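Following: one structure in structure tokens, then a few remarks.
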Amino acid sequence: MSKIIVKELSKTIRHNKVLDNISLELDAGGVYGFCGRNASGKTMLLRAIAGLLVPTSGSVEVFGKLLKGGIFPDSMGIMLADVELVRYLTGYENMELLAATRGKAGKKEIERAMERVDLDPSDRRKYKAYSTGMKRRLVIAQAIMESPQLLILDEPTNGLDDGSVKLFHDIILEEKARGATCLISTHLIDDIFPLCDRIFKISQGCCTEMAAIKEGGL
């Protein structure tokens with residue numbers, strides 16, 4: 001089935017309900033935004049859809065595959081908020097290291113992904129010398145380098161300047177045209193509003209579709 005189906009999903013951590021009975025269906029090939037304040041639950045929801053969070057109750061199914069403990073979507077690129085790569089490696093070396101874990105991307109794919117985010121694969125600077133924006137763009141590059149069916153991006157525009165946000169928009173539209181399903185979280189709705197087919201508000205672990213935005217207005 002070409003859908004992502006989240007059914008009555010709840011997660012409790014240390015007596016704190018971080019996800020509260022969330023149900024939604026997302027068609028394949030769309031761009032979906034999840035907007036909320038820090039600690040609202042949006043990162044936890046994306047982690048659950050990525051198979052990185054075991055629900056307390058409920059279920060997550062991605063394109064016909066039921067996710068359980070240790071089971072993940074078959075083809076996924078993911079960018080988690082505040083992720084750090086290896087400080088003493090170059091950008092290309094970091095990409096090469098990550099590509100080796102699955103063996104789906106080679107030199108050509110790594111170089112293409114870096115160039116798409118306006119990074120030079122031949123740059124010999126170490127990751128620790130990168131600016132904040134360069135680090136964010138490199139993490140976006142690793143998420144897209146294998147041309148995944150599902151792309152999950154948690155706060156991808158944090159630390160990006162206006163030009164890089166525009167570049168990010170172009171990449172997402174290209175990924176959608178390729179047929180990828182894109183899930184994007186943010187606390188700044190303006191950063192993703194032009195991209196999304198549907199937008200959901202996450203607050204106190206609950207998920208509500210923002211119908212006014214869906215219809216084209218705020």
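All values reported here derive from a predicted model rather than from experimental measurement.
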Distance-only, no hydrogens or angles: does the K176 side chain make a donor-acceptor pair with backbone N or O of G30 under 3.5 Å? no

Evaluate the side-chain proximity of L85 to V139: yes if any heavy-atom separation is below 4.5 Å, no if none is. yes

Any donor-acceptor N/O pair, Q142 side chain to I78 backbone, under 3.5 Å: yes

Rounding to 0.5 Å, atoms CD (Q149) and CG (D74) come to a distance of 7.5 Å

Side chains of R136 and E155: closer than 4.5 Å at any heavy-atom pair? yes

With a 4.0 Å cut-off, would you call R178 and E175 a salt bridge? yes

Is the closest side-chain heavy-atom distance between M145 and L98 below 4.5 Å? yes

Might you work through the side-chain contact (heavy atoms from CB on, under 4.5 Å) test for S59 and L66, ending with a clear yes or no? CA-CA 7 Å; S59 63; L66 184 64; 3.9 Å; yes

Set out, in order, the CA-CA distance, both residues' side-chain angles and the distance that settles side-chain contact (heavy atoms from CB on, under 4.5 Å) for F168 and D191, then state yes or no. CA-CA 10 Å; F168 170 74; D191 282 354; over 6 Å; no

Treating Ile, Leu, Val, Met, Phe, Trp and Tyr as nodes and any side-chain heavy-atom pair under 4.5 angstrom as an edge, say whether M76 and M79 lie in one connected cluster. no

Rounded to the nearest 0.5 Å, what's the gap from CG on L9 to CG on L53? Could you check? 7.5 Å

Flag if over 12 foreign heavy atoms under 6.0 Å of CD, E115: yes

Would you find a donor on one side and an acceptor on the other, under 3.5 Å apart, between the side chain of T90 and the backbone of K126? no

Is there a side-chain contact between Y92 and I110, using heavy atoms and a 4.5 Å cut-off? yes

Looking at OG1 of T181 and NZ of K3, how far apart are the two atoms once the value is rounded to the nearest 0.5 Å? 11.0 Å

In plain terms, say whether K7 and E61 are close enough for a salt bridge, that is, a side-chain N and a carboxylate O under 4.0 Å apart. no

Linking I/L/V/M/F/W/Y whenever their side-chain heavy atoms sit closer than 4.5 Å, directly or via other members, would V83 and I184 fall into one cluster? yes

Close side-chain approach of F72 and L52, heavy atoms under 4.5 Å: yes

Can you find a heavy atom in the side chain of M114 that is under 4.5 Å from one in the side chain of D123? no

Report yes or no: do I152 and I71 belong to one cluster of Ile/Leu/Val/Met/Phe/Trp/Tyr joined by side chain heavy-atom distances under 4.5 Å? yes

Ignoring hydrogens and angles, tell me if any N or O in the side chain of T157 forms a donor-acceptor pair with the backbone of V165 under 3.5 Å. no

Would you find a donor on one side and an acceptor on the other, under 3.5 Å apart, between the side chain of S23 and the backbone of E8? yes

Closest non-hydrogen atom pair, L151 against A143: CD1-O, 3.5 Å

Contact summary for L19 and L45, nearest pair of heavy atoms: CD2-N, 3.8 Å

Where the side chain of D154 meets the backbone of S185, is there a donor-acceptor pair that is under 3.5 Å apart? no

What are the two closest heavy atoms between P148 and A180, and how far apart are they? O-CB, 3.7 Å

side-chain contact (heavy atoms from CB on, under 4.5 Å) evaluation trace for E111 with K107: CA-CA 6 Å; E111 291 179 346; K107 183 176 185 292; 2.6 Å; yes

How long is the gap from OG on S10 to CD1 on I22, to the nearest 0.5 Å? 7.5 Å

What is the minimum heavy-atom distance between A48 and L67, and which atoms define it? O-CD1, 3.9 Å

Shared hydrophobic cluster, M95 / L153 (ILVMFWY, side-chain heavy atoms < 4.5 Å): yes

In plain terms, say whether K166 and D162 are close enough for a salt bridge, that is, a side-chain N and a carboxylate O under 4.0 Å apart. no

What distance separates K17 NZ from S57 OG, expressed to the nearest 0.5 Å? 6.5 Å

The reported gap from CD1 in I171 to CD1 in I144 (rounded to nearest 0.5 angstrom) is 4.5 Å

Give a yes or no on whether the backbone of D27 and the side-chain of Y32 come within a donor-acceptor separation of less than 3.5 Å. yes

pair L26-R198: side-chain heavy atoms closer than 4.5 Å: yes

Using every non-hydrogen atom in the two residues, find where K42 and H187 come nearest and quote the distance to one decimal. CE-N, 4.1 Å

Are L160 and V31 co-members of a hydrophobic cluster defined by side-chain heavy atoms under 4.5 Å apart? yes

Is it the case that atom CZ in R47 sees more than 12 heavy atoms from other parts of the structure closer than 6.0 Å? no

Should we count NZ of K201 as having more than 12 external heavy atoms under 6.0 Å? no

Decide yes or no for Y127 and E84: does some side-chain heavy atom of the first lie under 4.5 Å from some side-chain heavy atom of the second? yes

Give me the atom names and distance for the closest heavy-atom approach of I49 to V62. O-CG2, 3.7 Å

Given 3.5 Å as the limit, does a donor-acceptor pair link the side chain of D120 with the main chain of S122, or not? yes

Specify whether F34 and F200 have parallel, tilted or perpendicular ring planes, treating 30° as the upper limit for parallel and 60° as the lower limit for perpendicular. parallel

